[in-house]
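Right, one structure below, let's go through it.
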Amino acid sequence: SGGLGVDAILSTKLINKAQLEKEINFKLKKKNYLLTFHPEKNNINKQMNFIKNLLKYLSKKKELNVILTAPNSDLFNNLKNKEIEKILKKNKNNFKYIPSFGNKIYYSLLRQVDLVIGNSSSGICEVPTFKKPTINIGPRQNGRPRSKSVIDINYNLKEFISSLKKVSTAKFKKKVITCKNPYGNRKSSYFIYKKIKYNLNRNNF
């Protein structure tokens, strides 16, 4: 049937850049990255080490903004230790931590950012609709269909840097612009509705 997240995107009235900056209290630069990492219980030490190294690396890139969202569930403290908090405090001008957006703000932000990084299903299922690249890190999204706009890597900083270079190439940018989202094009909810109605009429439940 596809993904209901895509239906939600295409039925949400997004706000423009100026309105978005006011809502999140943060001035966007020419280049902006969005990071979302959810905890992986079986991989937490490797994941934490990678995130710390990733933030240190990105903190040296003063020409770009890094916007971080909160991980899911009550495991948040595993992904926000004192070392990471220090990096955020030292880089207030180009780092922004926002625990929760709400759909309208989140989708409006996806329209403005240049790259999505992390292990969230959003990078796989929703970001391709905005014709933006995703660097998906780790095994959390294994088994899901991929758009050509998604690059999969391990928790390895060298692989990440290599992926950044790939994302900036003309060849990959063309892939992103022409990519199709395997999770649908606003017809998923209608398809589900029709299927349920059909089965109800045939007493298939």
Side-chain angles (χ1 to χ4, degrees), residues 9 14-38 50-71 79-80 84-138 146-179 181:
I9 291 168
L14 306 183
I15 59 178
N16 61 35
K17 183 180 177 181
Q19 291 172 314
L20 175 63
E21 290 175 331
K22 186 176 180 180
E23 287 286 342
I24 66 175
N25 191 29
F26 191 61
K27 188 77 173 176
L28 297 177
K29 292 185 178 179
K30 189 174 182 181
K31 188 176 289 187
N32 305 276
Y33 294 169
L34 177 64
L35 272 68
T36 304
F37 282 98
H38 299 302
F50 172 81
I51 293 172
K52 285 186 283 189
N53 289 332
L54 173 66
L55 294 180
K56 286 179 183 177
Y57 172 80
L58 293 176
S59 68
K60 297 174 184 177
K61 309 293 181 182
K62 301 302 181 183
E63 74 279 6
L64 63 84
N65 277 333
V66 179
I67 301 167
L68 299 93
T69 66
L79 293 181
K80 192 169 182 283
I84 292 175
E85 288 178 344
K86 285 179 183 178
I87 295 173
L88 298 179
K89 287 179 181 178
K90 287 180 180 179
N91 297 276
K92 287 183 178 180
N93 290 333
N94 64 318
F95 274 67
K96 179 73 172 181
Y97 171 72
I98 302 175
S100 180
F101 290 98
N103 281 353
K104 180 186 283 190
I105 303 300
Y106 180 67
Y107 296 150
S108 298
L109 182 61
L110 288 182
R111 186 167 65 171
Q112 298 295 335
V113 298
D114 301 278
L115 174 65
V116 173
I117 302 164
N119 64 357
S120 170
S121 61
S122 180
I124 306 293
C125 304
E126 297 168 352
V127 175
T129 297
F130 292 92
K131 306 296 183 184
K132 300 295 174 72
T134 296
I135 297 180
N136 178 66
I137 304 167
R146 302 289 201 264
S147 164
K148 291 181 179 179
S149 61
V150 178
I151 299 175
D152 291 292
I153 67 171
N154 297 309
Y155 286 113
N156 183 294
L157 190 61
K158 287 184 179 179
E159 285 188 38
F160 175 77
I161 294 170
S162 177
S163 297
L164 273 186
K165 293 177 182 177
K166 183 177 180 179
V167 163
S168 64
T169 64
K171 183 178 180 180
F172 192 80
K173 286 179 179 180
K174 185 177 180 180
K175 274 187 180 182
V176 173
I177 292 171
T178 59
C179 77
N181 191 339

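Values below: all heavy atoms of this structure, side chains included; hydrogens, waters and symmetry mates excluded.
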Point to revise | Plane angle bin for Tyr57 and Phe160 - parallel if under 30°, tilted between 30 and 60°, otherwise perpendicular | key: perpendicular
So the side chain to side chain donor-acceptor pair (under 3.5 Å) pairs with at least one residue in residues 25-34 (sequence neighbours excluded) are Asn32-Asn65
[atom2] on [Y] to [atom1] on [X], rounded to 0.5 Å:
{"X": "Glu21", "Y": "Leu109", "atom1": "CD", "atom2": "CG", "value": "10.5 Å"}
{"X": "Leu115", "Y": "Ile135", "atom1": "CG", "atom2": "CD1", "value": "4.5 Å"}
{"X": "Glu23", "Y": "Ile15", "atom1": "CD", "atom2": "CD1", "value": "5.0 Å"}

Mind listing the closest non-hydrogen atom pair of [X] and [Y] along with its distance?
{"X": "Ser108", "Y": "Leu20", "result": "O-CD2, 3.8 Å"}
{"X": "Cys179", "Y": "Pro128", "result": "SG-O, 3.8 Å"}
{"X": "Lys92", "Y": "Phe26", "result": "O-CE1, 4.0 Å"}
{"X": "Asn136", "Y": "Asp152", "result": "ND2-OD1, 2.8 Å"}
{"X": "Leu68", "Y": "Phe95", "result": "CD1-CD2, 3.8 Å"}
{"X": "Lys132", "Y": "Arg111", "result": "NZ-O, 2.6 Å"}

May I ask you to test the [X]-[Y] pair for a side-chain heavy-atom distance under 4.5 Å?
{"X": "Thr69", "Y": "Leu34", "answer": "yes"}
{"X": "Phe37", "Y": "Ile137", "answer": "yes"}
{"X": "Ile117", "Y": "Val66", "answer": "no"}

Item checked: Test log, rule side chain to side chain contact (heavy atoms under 4.5 Å, CB included), inputs Asn156 and Phe50 -> CA-CA 7 Å; Asn156 183 294; Phe50 172 81; 5.6 Å; no
If we count only N and O atoms by modelled type, under 3.5 Å, do the side chains of Ser122 and Tyr106 hold a donor and an acceptor together? yes
Quiz: residues 161-170 side-chain donor-acceptor pairs under 3.5 angstrom, not counting sequence neighbours:
unit_1, atom_1, unit_2, atom_2, d
Ser163, OG, Glu159, O, 2.9
Ser168, OG, Lys165, O, 2.7
Thr169, OG1, Lys166, O, 2.7
Thr169, OG1, Phe172, N, 3.3

Exercise. When you measure from the side chain of Asn119 to the backbone N and O of His38, does any donor-acceptor pair fall under 3.5 Å?
Worked result: yes
Exercise. In sequence, state the C-alpha distance, the side-chain angles, and the governing distance for Leu14 and Phe130, and then conclude on side chain to side chain contact (heavy atoms under 4.5 Å, CB included).
Key: CA-CA 12 Å; Leu14 306 183; Phe130 292 92; 3.9 Å; yes
* To do: Decide side chain to side chain contact (heavy atoms under 4.5 Å, CB included) for Ile51 and Leu35; before the verdict, give the C-alpha distance in whole Å, the side-chain angles of both, and the deciding distance to 0.1 Å.
  => CA-CA 10 Å; Ile51 293 172; Leu35 272 68; over 6 Å; no
Side chain to side chain contact (heavy atoms under 4.5 Å, CB included) evaluation trace for Lys131 with Ser149
CA-CA 8 Å; Lys131 306 296 183 184; Ser149 61; over 6 Å; no
Q.
Tell me whether the count of non-hydrogen atoms from other residues, nucleotides or ligands lying under 6.0 Å of CG in Asn93 goes above 12.
A. no
